[in-house]
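What follows is a single structure, written as structure tokens, with notes after it.
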2 protein chains.
Amino acid sequence: MREASNRSNRRVVYETLRRKVLTLELPPGASLSENELAASLGVSRTPVRESLILLGEEGLVRVFPKVGSFVSRVDAARVADAQFLREAVELAAFDDIPETLDPDLLAELRANLEQQRAPGLDLEKFFELDESFHHGLLRLSGHGRAWSTVVAAKGHLDRARRLGLHETNGMGRFVDEHHTILDAVVAGDIPSARAGLRAHLRAVFDDIEKTRRRSPELFASDDGSVPVRRSVAVWE
Amino acid sequence: MREASNRSNRRVVYETLRRKVLTLELPPGASLSENELAASLGVSRTPVRESLILLGEEGLVRVFPKVGSFVSRVDAARVADAQFLREAVELAAFDDIPETLDPDLLAELRANLEQQRAPGLDLEKFFELDESFHHGLLRLSGHGRAWSTVVAAKGHLDRARRLGLHETNGMGRFVDEHHTILDAVVAGDIPSARAGLRAHLRAVFDDIEKTRRRSPELFASDDGSVPVRRSVAVWE
DNA sequence: GTGGCAGTTCTTGTATGTAAGCAGCGTCGA
DNA sequence: TCGACGCTGCTTACATACAAGAACTGCCAC
């Protein structure tokens with residue numbers, strides 16, 4: 001028997017909405033009416049509502065009782081929180097990297113880096129590879145399952161990154177850093193690997209900060225205020 | 001306007017169920033029928049169902065479609081995951097402790113420690129104080145908001161601790177360690193504080209491991225199997 | 001023109017009805 | 001005695017109806 005079938009309606013709705021929020025297809029502030037979403041997706045309000053509750057717990061959506069649900073704004077404080085958590089977890093994992101690395105996993109990581117170097121790589125594909133690379137690093141240390149927690153917490157960080165990369169287009173440098181880090185790990189030079197990873201994560205964060213200074217309106221602080229209802233109709 | 005009114009039925013049901021699961025009042029394997037819970041709590045199935053979904057995402061409950069929902073077993077792997085996450089976050093926070101500590105917060109921590117020394121402290125109260133103490137340490141470093149992520153991830157750890165402390169009754173040592181850690185922080189000796197905290201967290205974990213070796217049945221691995229339906233009726 | 005008030009229309013929260021499916025038990029047949 | 005089969009009762013998943021409340025709209029008085 002399988003648990004909570006991955007093809008339940010709720011799962012599909014949840015994943016769809018989450019993807020659209022993270023990719024900014026549903027931008028911060030967009031209205032998420034249960035009725036409209038249900039109609040759009042061809043399901044009833046129930047699975048939509050359950051998905052919105054879950055996204056609310058993740059901080060990606062804000063639910064105002066009797067008023068409406070809205071995609072949460074990219075909040076600078078939350079971005080920093082996620083950055084801290086991610087750094088803490090990924091660096092701590094390096095302390096537990098075993099002497100001999102799992103060869104299959106290593107091959108997978110190398111293949112991943114190869115793809116990151118592919119010419120004309122599009123942004124979404126890069127993000128996918130980046131996610132998978134960092135997850136792989138965690139798995140090397142035997143803490144792969146901690147990734148899900150990081151993923152759940154870093155929604156705001158991901159959105160901020162997307163805002164940043166749209167402007168700076170600095171994928172190349174990040175790929176180089178990935179190579180440097182993996183090389184250090186393979187060489188057994190954990191201190192270098194730690195330093196490299198820390199610098200890498202900080203660079204990503206600095207990139208976000210740069211964007212924030214340039215376009216503060218994207219990062220409007222997410223207090224309790226309700227967005228005006230007109231800023232709506234982002235759902236096709 | 002307040003967000004998601006803290007007094008919504010769902011919030012109450014969720015918090016009630018979560019507390020009962022963490023305190024083992026609802027023991028691992030217990031059946032959680034939506035209908036029974038709704039009747040017991042005097043609400044409809046809707047808020048109960050939404051709460052079970054949230055608890056399912058936290059890993060505290062397993063939902064088997066068309067079969068039933070059950071309190072998840074205390075899974076050794078999940079306990080270890082939470083331990084790793086907690087250690088990573090709490091230790092990383094110490095790197096960001098400022099030169100001058102917030103005096104109000106410091107006073108709060110000292111008062112907390114005083115209460116931990118109170119004679120005849122009961123177990124639940126100790127857990128409360130312990131939680132609050134560790135959260136306070138995080139706040140000292142300005143990363144207080146990361147605590148919620150830790151809390152969400154460490155449900156299994158908490159249940160395992162409760163199983164352990166029922167047997168060993170080793171509160172006293174933990175309180176001493178709390179004092180040592182805070183003293184080191186106040187003295188500005190971050191390396192000592194880190195070492196102390198690490199040892200403290202490891203001691204807690206070792207305690208759990210001892211319990212696990214002694215009573216492995218409590219830690220039955222939580223595979224996909226459905227508990228027998230008879231192991232039920234834990235709800236009064 | 002402007003402020004206040006009431007109605008309308010939206011929202012989410014909750015309750016309940018319906019559908020689909022698994023498990024267990026009893027029965028029947030060999 | 002034991003295995004297969006179908007019925008019964010339970011479960012969750014989903015759909016829908018109803019309730020309560022917030023906010024916008026337009027009218028009306030001034």
Side-chain angles (χ1 to χ4, degrees), chain A residues 1-17 29-57 61-72 224-235, chain B residues 1-17 29-57 61-72 224-235:
Chain A
M1 160 177 326
R2 303 175 68 83
E3 177 165 12
S5 160
N6 287 341
R7 279 297 160 248
S8 75
N9 255 346
R10 196 192 81 227
R11 262 317 196 240
V12 173
V13 171
Y14 169 77
E15 285 165 8
T16 301
L17 287 178
S31 163
L32 299 172
S33 155
E34 292 179 4
N35 276 316
E36 284 182 29
L37 292 178
S40 291
L41 298 170
V43 297
S44 82
R45 271 182 58 207
T46 303
V48 171
R49 172 177 171 76
E50 290 168 354
S51 298
L52 289 181
I53 290 173
L54 288 175
L55 291 169
E57 289 295 310
V61 165
R62 303 199 67 173
V63 179
F64 297 90
K66 316 294 176 79
V67 175
S69 300
F70 306 88
V71 178
S72 69
S225 65
V226 183
V228 287
R229 202 172 270 170
R230 267 167 288 114
S231 76
V232 185
V234 194
W235 196 268
Chain B
M1 159 177 328
R2 305 176 67 82
E3 177 166 12
S5 160
N6 288 341
R7 280 296 160 250
S8 76
N9 258 346
R10 194 192 83 226
R11 252 342 189 221
V12 173
V13 170
Y14 169 76
E15 285 165 7
T16 301
L17 287 177
S31 164
L32 299 172
S33 157
E34 290 179 7
N35 274 316
E36 285 181 27
L37 292 178
S40 291
L41 298 170
V43 297
S44 80
R45 279 165 29 222
T46 303
V48 171
R49 172 178 169 76
E50 290 169 353
S51 298
L52 289 180
I53 290 173
L54 287 175
L55 292 168
E57 288 295 310
V61 165
R62 303 200 66 173
V63 179
F64 297 90
K66 315 297 174 77
V67 176
S69 300
F70 305 88
V71 178
S72 69
S225 65
V226 182
V228 288
R229 204 172 267 170
R230 266 167 291 115
S231 74
V232 184
V234 195
W235 196 268

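Proteins get letters first, then strands, A, B, ... in listed order; numbering begins at 1 in each.
For A/Glu36 and C/dT12, the CD to P distance is 9 Å, given to the nearest whole Å. Rounded to an integer number of Å, the gap from CZ of B/Arg10 to C1' of C/dT14 is 12 Å. B/Arg62 places its CZ atom 19 Å from the P atom of D/dT11, with the value rounded to the nearest Å. Distance, A/Arg7 CZ to C/dA20 P: 21 Å, rounded to whole Å. Taking atom CG of residue A/Leu54 and atom P of nucleotide D/dA13, one finds them 12 Å apart after rounding to whole Å. When rounded to the nearest whole Å, the span between CG of A/Asn35 and P of D/dA15 equals 13 Å. Between the CG atom of A/Leu52 and the P atom of C/dT11 there is a distance of 12 Å, given to the nearest Å. In this structure, B/Lys66 atom NZ and C/dG24 atom C1' are separated by 18 Å, rounded to whole Å.
Side chain of B/Glu34, nearest nucleotide from C/dG13, D/dT11, D/dT12: D/dT12. Comparing C/dT14, D/dA20, D/dT12 by their nearest atom to the side chain of B/Asn9 picks out C/dT14.
Shown here are the side-chain contact (heavy atoms from CB on, under 4.5 Å) partners of B/Glu57, two or more places apart in sequence or in another chain: A/Arg10, A/Arg11, A/Leu54. Evaluation of the side-chain hydrogen bond (donor to acceptor under 3.5 Å, both in side chains) rule for A/Ser72 yields A/Arg159 as partners, not counting sequence neighbours. Residues forming a side-chain hydrogen bond (donor to acceptor under 3.5 Å, both in side chains) with B/Arg45 (at least two apart in sequence, or on another chain): none.
Scanning all heavy atoms of the two residues, the minimum distance from B/Ser51 to B/Val13 falls at OG-CG1, 3.4 Å. When all heavy atoms are compared, the tightest approach of B/Gly29 to B/Phe70 is O-CD2, 3.8 Å. When all heavy atoms of B/Arg7 and B/Val12 are compared, the pair lying nearest together is NH1-CG2, 4.2 Å.
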Exercise. Is there a side chain to side chain contact (heavy atoms under 4.5 Å, CB included) between A/Leu52 and A/Leu32 once you walk through the steps?
Worked result: CA-CA 8 Å; A/Leu52 289 181; A/Leu32 299 172; 4.0 Å; yes
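In terms of phosphate contacts, A/Ser33 brings no side-chain nitrogen or oxygen within less than 4.0 Å of OP1 or OP2 of C/dC10.
At a non-hydrogen distance threshold of 4.0 Å, A/Arg45, A/Arg49 from residues 42-51 of chain A come into contact with DNA chain C.
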